[in-house]
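Only one structure is covered here, and it is reproduced in the block below.
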Amino acid sequence: MPYANKLLGILSILILAGCTVSKTICPCEAPEIIRLGEKEVEINAQISLIDTMSSGAMKVKIWLTTTDHTTLPANFKADYYYLRSSNLDRDAFEGKFTTINTDFNKGIMELEAINAPRWGKGEFVDVAVHLTDSRGKVHFVKKDAVPVQPANR
C-alpha cells in the first residue's frame, strides 16, 4: 500500500510538471478575451502560406482589438506568439513578430509575422499571444482552431 501512495505521488508530480511545461509553449487555458485595466481586448487571427516554393514559412496576422471599439489600454505590449497545430506530430512553435502596427485611438493592434514554419493548408492551429501590461504582469490571449489558408495569389 505505501508503494501505491508513492507511485501516485510521483505520477501526480509528473502530470503537473508536464502541464507547466506545455503552458510555456502554448497556454492551454488562455481565453479569447482578456481584461486589461478597464478594457476588454479580444484576439482574431489569420494564417496563410507564403506564395514562394522556396519559402518554408507561413504568414501569421493577428488583430488585438477592444471589444467596445474604443482606445486600447495604455502601456501594454505584445512580444511573442505561439502556434500549436492540431497535427500532434508537430512541435509547438514560438516566434517574435516582424511587424507591429498600433492605433491606440481606434483600439486596434495589428501584429504580423512571416517567420512561422510551413504547415499544411487546411491544418488547424491554435494561436496565442504573450502580452505584458504596464505593471509587467504577463497575460495570454488565444484564438483556437485557425485554419491555414492557401497562399494569396
Side-chain angles (χ1 to χ4, degrees), residues 10-37 39-73 75-133 136-153:
I10 292 171
L11 184 59
S12 296
I13 291 171
L14 289 174
I15 289 172
L16 290 174
C19 289
T20 304
V21 170
S22 67
K23 286 182 185 179
T24 61
I25 300 297
C26 189
C28 298
E29 295 94 27
E32 220 172 284
I33 298 174
I34 60 168
R35 181 173 281 291
L36 293 173
K39 301 287 183 167
E40 287 186 337
V41 176
E42 67 182 325
I43 183 174
N44 282 297
Q46 178 183 29
I47 302 172
S48 59
L49 299 173
I50 296 177
D51 192 23
T52 62
M53 295 305 284
S54 62
S55 174
M58 299 183 300
K59 180 193 294 186
V60 178
K61 286 188 91 166
I62 299 169
W63 297 271
L64 301 176
T65 58
T66 54
T67 56
D68 61 0
H69 304 289
T70 60
T71 60
L72 283 171
N75 300 319
F76 88 96
K77 68 178 187 170
D79 45 10
Y80 294 96
Y81 70 97
Y82 303 88
L83 304 177
R84 184 180 59 198
S85 174
S86 59
N87 178 347
L88 299 179
D89 290 335
R90 299 193 190 281
D91 291 330
F93 177 79
E94 176 184 327
K96 285 189 123 327
F97 296 108
T98 51
T99 307
I100 299 175
N101 294 314
T102 305
D103 188 334
F104 279 95
N105 293 330
K106 291 185 179 178
I108 188 164
M109 178 182 281
E110 185 176 300
L111 310 159
E112 187 174 277
I114 55 172
N115 54 1
R118 187 177 182 95
W119 290 346
K121 181 181 87 170
E123 197 167 324
F124 290 98
V125 178
D126 293 345
V127 179
V129 177
H130 177 268
L131 303 167
T132 52
D133 64 19
K137 185 176 178 187
V138 173
H139 303 270
F140 290 98
V141 61
K142 181 179 78 165
K143 184 73 173 177
D144 288 325
V146 177
V148 175
Q149 302 294 318
N152 296 332
R153 295 186 184 249

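All values below were derived from every heavy atom in this structure, side-chain atoms included, with hydrogens, water molecules and symmetry-related copies excluded.
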* Asked: Quick one: are V146 and V60 in side-chain contact, heavy atoms under 4.5 Å?
  -> no

* Which atoms form the tightest heavy-atom contact between F124 and A145, and what is the distance? -> CD2-O, 3.4 Å

* Assess whether atom CG of D103 is packed by more than 12 heavy atoms of other residues, nucleotides or ligands within 6.0 Å. => yes

* **Partner set under side-chain hydrogen bond (donor to acceptor under 3.5 Å, both in side chains) for E123, not counting sequence neighbours** => S85, R90

* Structure fact -> Nearest heavy-atom approach of P73 to F104 is O-CE2, 3.4 Å

* **Pairwise distance CD(E40) to CZ(R35) - rounded to 0.5 angstrom** => 4.5 Å

* To do: Any pair with a residue in residues 62-73 that passes salt bridge (charged side-chain N to carboxylate O under 4.0 Å, His left out), sequence neighbours left out, goes on the list, sorted by first then second residue, please.
  => none

* Structure fact -> Here the pair of heavy atoms bringing K121 nearest to P150 is CD-CB, 3.6 Å

* Might you point out which heavy atoms bring W119 and R84 nearest each other, and give the distance in Å? => CZ3-C, 4.3 Å

* **Partners passing side-chain hydrogen bond (donor to acceptor under 3.5 Å, both in side chains) against T71 (at least two apart in sequence or in another chain)** => none

* Check whether any side-chain heavy atom of H139 sits under 4.5 Å from a side-chain heavy atom of F76, and report yes or no. => no

* What's the spacing between I33 CD1 and T66 OG1 if we round to 0.5 Å? -> 11.0 Å

* Asked: Are side-chain heavy atoms of D133 and N75 found at a separation under 4.5 Å?
  -> no

* Side chain proximity check, K142 to I43, heavy atoms < 4.5 angstrom -> no

* Take the angle between the ring planes of F93 and Y81 and call it parallel below 30°, perpendicular above 60°, tilted in between. => tilted

* Asked: Do E42 and E32 have side chains that get closer than 4.5 Å, going by heavy atoms?
  -> no

* **Closest approach of V148 to G120 (non-hydrogen atoms, all atoms of both residues)** => CB-O, 3.3 Å

* Calculate, to the nearest 0.5 Å, the distance between atoms CG and OG1 belonging to L64 and T102 respectively. => 8.5 Å

* Can you name the closest pair of heavy atoms from F140 and P31 and give their distance? -> O-CD, 3.6 Å

* Do V41 and M109 touch side chain to side chain, with heavy atoms closer than 4.5 Å? -> no

* **Matching residue for T65 among T70, I108, L72 - test: side-chain contact (heavy atoms from CB on, under 4.5 Å)** => I108

* Asked: About how many Å separate CD1 of I62 and CD1 of I47, when rounded to the nearest 0.5 Å?
  -> 8.0 Å

* Counting only heavy atoms not in Y80, do more than 12 fall under 6.0 Å of its OH? -> no

* Is the number of heavy atoms from other residues, nucleotides or ligands within 6.0 Å of CD1 (I114) greater than 12? -> no

* **Separation between NZ of K96 and NE2 of H130, rounded to the nearest 0.5 Å** => 9.5 Å

